[in-house]
There are 4 protein chains.
Amino acid sequence: MSPATRNEEARQAIIEAAFSLCAERGFAAVTIEGIAARAGVGKTTIYRWWPSKAAILIEAVENARDASAGYPDTGDIYADMVTQTASVMQMFTTEFGTIWRGLISAAQSDEPAAEGVARILRVSIDQCVARLAKARDAGQIRTDLDLELAVEIIYGPIYHTWLLRTRPLPEAYMETVLAALLPALTPAPASMA
Amino acid sequence: MSPATRNEEARQAIIEAAFSLCAERGFAAVTIEGIAARAGVGKTTIYRWWPSKAAILIEAVENARDASAGYPDTGDIYADMVTQTASVMQMFTTEFGTIWRGLISAAQSDEPAAEGVARILRVSIDQCVARLAKARDAGQIRTDLDLELAVEIIYGPIYHTWLLRTRPLPEAYMETVLAALLPALTPAPASMA
Amino acid sequence: MSPATRNEEARQAIIEAAFSLCAERGFAAVTIEGIAARAGVGKTTIYRWWPSKAAILIEAVENARDASAGYPDTGDIYADMVTQTASVMQMFTTEFGTIWRGLISAAQSDEPAAEGVARILRVSIDQCVARLAKARDAGQIRTDLDLELAVEIIYGPIYHTWLLRTRPLPEAYMETVLAALLPALTPAPASMA
Amino acid sequence: MSPATRNEEARQAIIEAAFSLCAERGFAAVTIEGIAARAGVGKTTIYRWWPSKAAILIEAVENARDASAGYPDTGDIYADMVTQTASVMQMFTTEFGTIWRGLISAAQSDEPAAEGVARILRVSIDQCVARLAKARDAGQIRTDLDLELAVEIIYGPIYHTWLLRTRPLPEAYMETVLAALLPALTPAPASMA
DNA sequence: AGTTAACCGAGACGGTACGTCGCGTCTTGTT
DNA sequence: AACAAGACGCGACGTACCGTCTCGGTTAACT
């Protein structure tokens, strides 16, 4: 009675084709036909399961990310932030960066894509918030700081520079940013009284 | 040189058509053919003067912005920042926001568009830097802060939230952000010693 | 032999679905998928037993025709011809006409369909030839006339007009045609000498 | 002010491509994409000017026919009929026959195609009627015969046999048919009285 | 005052990709 | 074993825009 069931091989092939095409040619140049051709699959099979190329790439990113590690925790929140943000910036320069840039671009006009992007980010943000909470409990972070906001303050400059392309991202960008932000993140010095 | 001169009426009509179409339907749904039809203009005329729809909208934004004022200056840098960022966030909710979002999206894969976006931003950033420099001279801002970086730190959170769509931008978002950032922007309190 | 026996219910349902779909939407709009859906049957079941939609409809026609009567025989060949051709022309205006037209259309490019059409016609032609033979034996038809040819001469004008659509078939078309053909069909008058 | 005008080269190429494809592979196997590819033309160009492949072939036939001759007239209507019908039957065996068969097939479910087929036939029928009228004036044809009907009686058997595929068309088919029809076509012998 | 060349509207053109439909084959349980 | 359900690779559909290319027509500076 069951319907013929979904073909997992095809799913994998499609996701990989989308990923590699986007990495090679950029998101704007990816077409459903191109993905189908590279995956050796009919267009129908793609349209049956995904509404857009963005949806495929979101799944690709979610798949790839599942294997990845969580937030570093050496006990030094500043060092861990530098480590983590550096790895994000490093990622921006890889094929993941190309794909992530494309997805953010798509999210500006495609509501489901925007939800996918937000869903992907949610995980990273939650991890970051959790790490910050731990640091706060350890007295390394101000107690009166909304940690969601802290994440936006920390990552905001990276995305501002990366997406608005006002200047190239310097290698040690986040060292500088975090140094500048430190007074806003760490507990205020004891008052005079 | 004769009637071989550019038709200013057509230029205006094209820019206005592009603007209104983008405002109504979103950047992704704008087409050169649609602009030509609404402007009552041949496609050739558009291609003669602009390389892409993004280029038209960049010119539209630059045109519209020429009339706008500079940075507020009441003497209180914090209040001025709140005012100015609030007006940016307000702009995001208007048709300019729609167009600006589209241009940023285009900039992710279209180099000339990226340059246009950066060029538009440059003016605002320079104004902001100038205002910050004045505040620094007035002792309201730390002297050891790269002001370009300060702009990224201040506007980063707005763009992070607006472009990545992780949550709606609260009305008083920047009051909160600037309050949190204050320790990082203002001169450090005199040391105890 | 167990459920490994052909499902007669399914066969009936398929034939009826094909028939009704063709009657409603015309042969060109009939699809195997549509038949399967209406018959509540898997596509496989159709492909297992028939090679094409034309084959199903040929079977449908043959089924429906099995119940039908032979050629009228009142003793007056002219009257019987008028009766019979009128009933054929009447049939053309019903859903059988729609299906028959479709099958003839298919027969132009589908060899098995052409054979099916010829097979269906064979029965009618043989009946007609038999009736004509009887009339010939009764002295109502020229003895030097190939009766197969006679059938083509009689039915040719109907099909010419019906298939080539040069004009609508008048109600009493065959009265006129047969009146005109009479001198060619009946024995020649005794010569003068 | 005029729009860019229609490209006559493209029109010719399309008609020739459709013609040759249909001749090679049969009407059912002709596709718009195939025509476009062979003609070196965009699909849009085809859809801009023709509603279907049948329409293209109708134009092809009309074009080709314009050059062709009229009805033979040796003074002997019987001989001329044999000549002309033989040339029609000869045509059926050529690529024109393939195309004509396809168009008649299409005409069964495509109203505009049916009109095109009828339009093409109209010319031939009118020529035939004119020739018959001349013969009637010369006393070779009964005066009480509707000549349109006569055409249907004469060509009916050919089309019956050719389209219904009940048997192959013998070489000298129409000699036999016309011989059989003679008594119905020629003036009746003087009555006895 | 007439000539003329760049610009303009209109839109046809060769293409690419779209998203859909139906094909005929296949796979997966169910009966 | 035959069946329903339906996923699959495939090919064609008819449409939307792309960017290029004629077409006349209309101007405005330069003979």
Side-chain angles (χ1 to χ4, degrees), chain A residues 1-11 13 29-37 39-49 51-53, chain B residues 1-11 13 29-37 39-49 51-53, chain C residues 1-11 13 29-37 39-49 51-53, chain D residues 1-11 13 29-37 39-49 51-53:
Chain A
M1 178 85 56
S2 109
T5 193
R6 182 167 184 182
N7 182 337
E8 179 59 22
E9 267 178 74
R11 185 183 153 274
V30 173
T31 66
I32 299 281
E33 296 210 332
I35 295 170
V41 134
K43 281 201 285 177
T44 317
T45 302
I46 297 181
Y47 284 113
R48 193 165 9 238
W49 302 109
S52 69
K53 60 179 175 175
Chain B
M1 211 188 307
S2 37
T5 261
R6 179 165 185 181
N7 181 337
E8 179 59 20
E9 263 179 76
R11 185 183 154 275
V30 173
T31 65
I32 299 282
E33 300 209 330
I35 294 169
V41 134
K43 286 202 284 175
T44 322
T45 305
I46 296 180
Y47 283 111
R48 191 165 10 239
W49 303 110
S52 70
K53 61 178 175 174
Chain C
M1 212 185 305
S2 37
T5 266
R6 180 165 184 182
N7 183 335
E8 180 58 23
E9 262 179 77
R11 185 182 153 274
V30 174
T31 65
I32 300 282
E33 300 210 331
I35 295 170
V41 134
K43 284 201 285 175
T44 322
T45 304
I46 296 180
Y47 283 111
R48 187 158 22 231
W49 304 108
S52 70
K53 62 178 175 175
Chain D
M1 177 84 55
S2 111
T5 193
R6 181 166 184 183
N7 181 338
E8 180 59 21
E9 265 179 74
R11 184 183 153 275
V30 173
T31 65
I32 300 281
E33 297 210 332
I35 296 170
V41 133
K43 283 200 286 177
T44 316
T45 303
I46 296 181
Y47 284 113
R48 193 168 5 243
W49 301 109
S52 68
K53 60 180 176 175

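Quick note on labels: first sequence line is chain A, next is B, and so on, each numbered from 1.
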List in chain and number order the residues that pass side chain to side chain contact (heavy atoms under 4.5 Å, CB included) with A:A13, two or more places apart in sequence or in another chain; answer none if no residue qualifies.
-> A:A39
What is the distance, to the nearest angstrom, from the [atom1] atom on [X] to the [atom2] atom on [N]?
| X | N | atom1 | atom2 | result |
| --- | --- | --- | --- | --- |
| B:E9 | E:dC8 | CD | P | 11 Å |
| D:R48 | E:dA10 | CZ | C1' | 12 Å |
| A:R6 | F:dA5 | CZ | C1' | 18 Å |
| B:I35 | F:dC18 | CD1 | C1' | 13 Å |
| D:I46 | E:dA12 | CD1 | P | 15 Å |

Between D:A10 and B:N7, which has a closest nucleotide on DNA chain E that is more 5'?
-> B:N7
Results of side chain to side chain donor-acceptor pair (under 3.5 Å) for A:E33 - residues two or more places apart only = A:K43
Taking all heavy atoms of A:A36 and all of A:G42, pick out the closest pair and write down the distance.
-> CB-C, 4.2 Å
Minimum heavy-atom distance between B:I32 and B:I46, given as atom pair plus value = O-CD1, 3.8 Å
If a protein heavy atom is under 4.0 Å from the base, mark B; if only from the sugar-phosphate, S; if neither, -; do that for nucleotides 19-24 of chain E going 5' to 3'.
-> BBBBBB
To the nearest 0.5 angstrom, please state how far the CZ atom of B:R11 sits from the CH2 atom of B:W49.
-> 10.5 Å
Drop me the distance from D:T45's OG1 to D:N7's CG, to the nearest 0.5 angstrom.
-> 8.0 Å
Has D:W49 got a side-chain N or O lying under 4.0 Å from the OP1 or OP2 atom of E:dC13?
-> yes
OP1, OP2 of E:dC7 versus side-chain N and O of B:T45: anything below 4.0 Å?
-> no
Pick the nucleotide of DNA chain F nearest each of C:G40 and A:V41; which residue has the one closer to the 5' end?
-> C:G40
